[in-house]
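In what follows, chains carry the letters A, B, and so on, assigned in the order in which the sequence lines appear, proteins first and then strands, with residues in each chain numbered from 1. Because the structure is predicted, anything quoted here is derived from the model rather than measured. As a basis for the values below, the full set of heavy atoms in this structure was taken, side chains included, without hydrogen atoms, waters or symmetry mates.
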Amino acid sequence: MPGEAELRLRERLTKLRQMRLLGGANLQGELERLQRQLDRIAAEPTDEEIWRSVELARHQDRPYTLDYVHRLLDDWFELRGDRARADDAALVTGLGRIDGRTVALVGQQKGRDIKERTKRNFGMAYPEGYRKAMRVMELADRHGFPLVSLVDTPGAYPGVAAEQHGQGGAIAHSQATMARLGVPTVACVIGEGGSGGAIALAVADRVLMQENAIYSVISPEGCAAILWRDASQARRAAAAFKPDAPHCLELGVIDAIVPEPPAGAHVDHDEAARLLGESLREALDELEGIPGDELRRRRRAKFRALGVFV
Amino acid sequence: MPGEAELRLRERLTKLRQMRLLGGANLQGELERLQRQLDRIAAEPTDEEIWRSVELARHQDRPYTLDYVHRLLDDWFELRGDRARADDAALVTGLGRIDGRTVALVGQQKGRDIKERTKRNFGMAYPEGYRKAMRVMELADRHGFPLVSLVDTPGAYPGVAAEQHGQGGAIAHSQATMARLGVPTVACVIGEGGSGGAIALAVADRVLMQENAIYSVISPEGCAAILWRDASQARRAAAAFKPDAPHCLELGVIDAIVPEPPAGAHVDHDEAARLLGESLREALDELEGIPGDELRRRRRAKFRALGVFV
Amino acid sequence: MSSRIDVSIEHKHAPAPDGKRHPNTCPSCSSHYRDDELDSALWVCSQCGHHFPMRARARIAHLTDDGTFAEADADVRSEDPLDFFDLRPYSERLAEAELATGLGEAIVTGAATIGGHACELAVMDFAFMGGSMGSVVGEKFSRACDSAAERGAPLVSVSASGGARMQEGILALMQLPKTVCAIADLHDAGGSMISVLAHPTTGGVLASFASLGDVLLAEPGALMSFAGPRVVQQTTRERLPEDFGLAESNLRHGHVDAVVPRPELPDTIAKLLGLFGNAR
Amino acid sequence: MSSRIDVSIEHKHAPAPDGKRHPNTCPSCSSHYRDDELDSALWVCSQCGHHFPMRARARIAHLTDDGTFAEADADVRSEDPLDFFDLRPYSERLAEAELATGLGEAIVTGAATIGGHACELAVMDFAFMGGSMGSVVGEKFSRACDSAAERGAPLVSVSASGGARMQEGILALMQLPKTVCAIADLHDAGGSMISVLAHPTTGGVLASFASLGDVLLAEPGALMSFAGPRVVQQTTRERLPEDFGLAESNLRHGHVDAVVPRPELPDTIAKLLGLFGNAR
Ligand SMILES: [Zn+2]
Ligand SMILES: [Zn+2]
């Protein structure tokens, strides 16, 4: 490894440690996993590694929101409907308990088989879905329930009705709602964190990202179609805009990476859920007891600090 | 006049004065009008007088919300849309100034000609209309604008789509929104105060009612259809449930009666507006400077005290 | 005009005057049941799952842990502020309803536990003047909100109502903001509310407290509409959808969180009481 | 997937590479205009009322009282955090855009008065990389919010943007919550915001600050959609309505308060500044 790359690595590791890298992992007894992750992050992720994340993030066997819900939450009760027009199945909301503590949960839900995928619109929510999420966020706020948000969407649905119902405004207002909440909020990107449809649920005190998730302003195919007028250049596009977790961490966009089982979350849902659960618990514990005003202040300051300029 | 009736009258007058009856009228120089009103209220309104109110409240030349808006508010700016699905023309909202003070206004709007009536659905709002009103109420709250609400509707629209969009819930939530506001709120029934569609906009610190307006839990025709299976018995029904202003005042449901020109508001829109304007100003003046918490507390206490039971 | 719907349900669902239809015939599959059969089946048709109306006391016995219900405000009674007279005086109708139902009003309130969780209950009875909401329903419901706030226990309401009670005129309409304000006070005190909507929950009750629960549960087949089907039909001349206003349609349109069959209600409510009982 | 729309507008609206179409031909009625003709007509077609894009400085000159605009943060410039390279390096694109437009970024901010009312301005310029929002747009907008809060003056924003700036990757997406949080701080400080949506306001800008004004005004014919028409067409294979995503359609669907022709904007904004300036 050349000297310059090593230097860069050391810098990054320092930075990552400061940023509570792998905050989700319990350091005692987790050293092996930690080492594996550090090894992975040690080298600048190659274009191949980035593309592997894209593929794993979209893997059809990857656990979805409800796979985690059923493994991590006790007494799950799904809350349905936007109280105005519809119940959008692409976005699930509800209440449940983690270690006895009631939390509200919102998250996009892709479908496992073709029937469920159709019903859930491949995890692409309409404005109705975001309005349901806002309703549940406000319910959480009213009752002091921490909010957990699981992000997994190719993006908000781009359709005529979705536009007529105010997709852009709904995403804006969902973010504004999260910016106002006086309860602890933790978001985790568990698969595809696709653009506005993702950030609508991710204006959180702690933003986590699974090892093989992606988080991006545009899909690789969309980017390629614009830049090279050729969607098949997706791999090249992904290499250019770097949607992988290590890069997101390096840019300060996420607070920690949540480890997955060695071969990826899709091979062992139970273990993936256990690891995610540890990270969520740790994040919730850190935030517990901080007054609402202070949570809001820090949350906004964090997002307002994002960006690179001179 | 028999002794018992006189006694009842005296009691009522005492009560009315305590309740700031005709609070809208400037006592100096308004004695004549006051006397006329007192004369009217002196006797228990007869069935004929009640029915005359029903007819005047629905008179096609009666001033509607926008007739008052254009006469009473400077710099009127209409706010449109529920930010979700539609702009319901049956319910208008906006900002304007009264004596230089910015207020937010919400109110149902019937149509003057057949084209406008169709467009405005005869003042019968969909849930979208009430959601627009809630949006504007919250805007008023955020900016400290007092809220003025003008009520004039046969009722919320009873249609398949209106039900599917949550008419009942919208009316409930509109009331809940008004119960939460930390700004002064004044409502006036200016024509038909029809059932849930009316109360959705009338959970206010001061509830006024024009002399010839009606305010009721059911329309006379609806009541008659149920009681006698005969809508033509509407006059008899009105006599039974007494939707006229003096009775509403006597029951404590409204805080004051707003005088109209002698022959009714429909014969002189300018004078009707002037009189309404005086009442609104007086009510706003009374409420100015009261802290939001205290407004909320008193407002809720007032509505929670309504009802007769042993 | 839409306001008429508030009370039309009462008449629609009353048995026909000539008594042709046996009250225990399932309107959905025409099975016949004796009272005791239905009672032991929670008033649910064992053939088709149709939910018959359930009386308030039977409802409370079903929902609450045995012997935990302590009724409140049982002695509050309506007045007749308008001297309302239609075919009969209102006061006569009230007396008749009390004789027929054994209830002082269309709502029963009190404290209880469900699955071991403390709660305040407010349960309506459609048999008392069509579950219409007058001053007493509003007052008892509001007191239940206060009691829930004081005890720090969630409020569980079960609505079954044709709407506001016409015979109390404008004061009946005022029970909408009254109950809404009571819930606002409950919420400000950190309290919570679970609203169960039974058949039918229409008019002024749907347009006030029944819609304001933190969680809304509906019984299968329950009509929940602001305007009744007949009024909508007459006003708009529209063809109504098959499931117009029913719980299932409301679930699809986003207005309730779940449709819960009656036998599952106690467990579902107990779970929710647990969830709402352990906030920070 | 919908995310692709964020930047597609930029390319759709750029002049064709071969320069066939004269930039001053009205796309609606094909009238031809010289620059100076359009400039004196506020870039509105005198034949059909079509609103041409208006550059940020011309916009500011039109909206504000003469000589009152004081620019802020003119020297903030983008970095290239990803070393982004497509057909050309991002840094080269930036330099080129600055040369072509005379602007350091796609937004100009500062203080001014409109009709005598003090306000803070944030005006986008579509000519700078399709008005795309990267770190600098987010930062300058956020500082404008702070400045508005400090001065107690409402913020007036004029958006014209294809969405988030792809070349800054995930950091571009983060400008959405960044601007949203800045507005939340402004609102908490008692401030207000008037948002003017010019053609086009799409993607990430519509999905963040442009939608969060206390009042939303759109220019006639302005496209306001989250996903662009082409993406919607390709994804759904639906036939798009004639006025898909246009200001007029958005008014009908409840998403803006008014569609205001450009010549009326200064008076309309002045009126609103007056209304928002005199709260208790
Ligand atoms: Zn049956
Ligand atoms: Zn033209």
Please classify the contact of C:L272 with chain A as side chain, backbone, both or neither, using a heavy-atom distance under 4.5 Å. side chain

Checking A:K132 side chain against C:G254 main chain: does a donor-acceptor pair fall under 3.5 Å? no

Donor-acceptor pair, distance only, cut-off 3.5 Å: does the side chain of A:T102 make one with the backbone of C:L275? yes

Sort by residue number and list every residue of residues 258-267 of chain C having at least one heavy atom under 4.5 Å from chain A. C:A258

Partners passing ring-ring contact (aromatic ring centres under 6.0 Å, His included) against [X] (at least two apart in sequence or in another chain):
| X | answer |
| --- | --- |
| C:F141 | C:F209 |
| A:Y126 | A:Y157 |
| C:H50 | C:F52 |

So, taking the atom named CZ in A:R80 and the one named NE2 in C:H255, what distance separates them when rounded to the nearest 0.5 Å? 13.0 Å

Is it the side chain or the backbone of [X] that comes within 4.5 Å of chain C heavy atoms, both, or neither?
| X | value |
| --- | --- |
| A:E78 | backbone |
| A:R83 | both |
| A:L139 | side chain |

Any Lys/Arg nitrogen of C:D257 or A:R135 sitting under 4.0 Å from an Asp/Glu carboxylate oxygen of the other? yes

Minimum heavy-atom separation for A:F77 and C:K271, please, with both atom names. CB-CD, 4.3 Å

For atom CG of A:D113, decide whether the heavy atoms of other residues, nucleotides or ligands shown that lie under 6.0 angstrom number more than 12. yes

Pair count under 4.5 Å, heavy atoms only, with chain C: among A:L95, A:T93, A:D87, A:D75, highest is A:D75

Out of C:S192, C:S211, C:G190, return the one with the most heavy atom pairs under 4.5 angstrom to chain A. C:S192

Run C:H187 and A:R142 through side-chain contact (heavy atoms from CB on, under 4.5 Å) and show every step you take. CA-CA 8 Å; C:H187 272 146; A:R142 200 160 62 234; 3.8 Å; yes

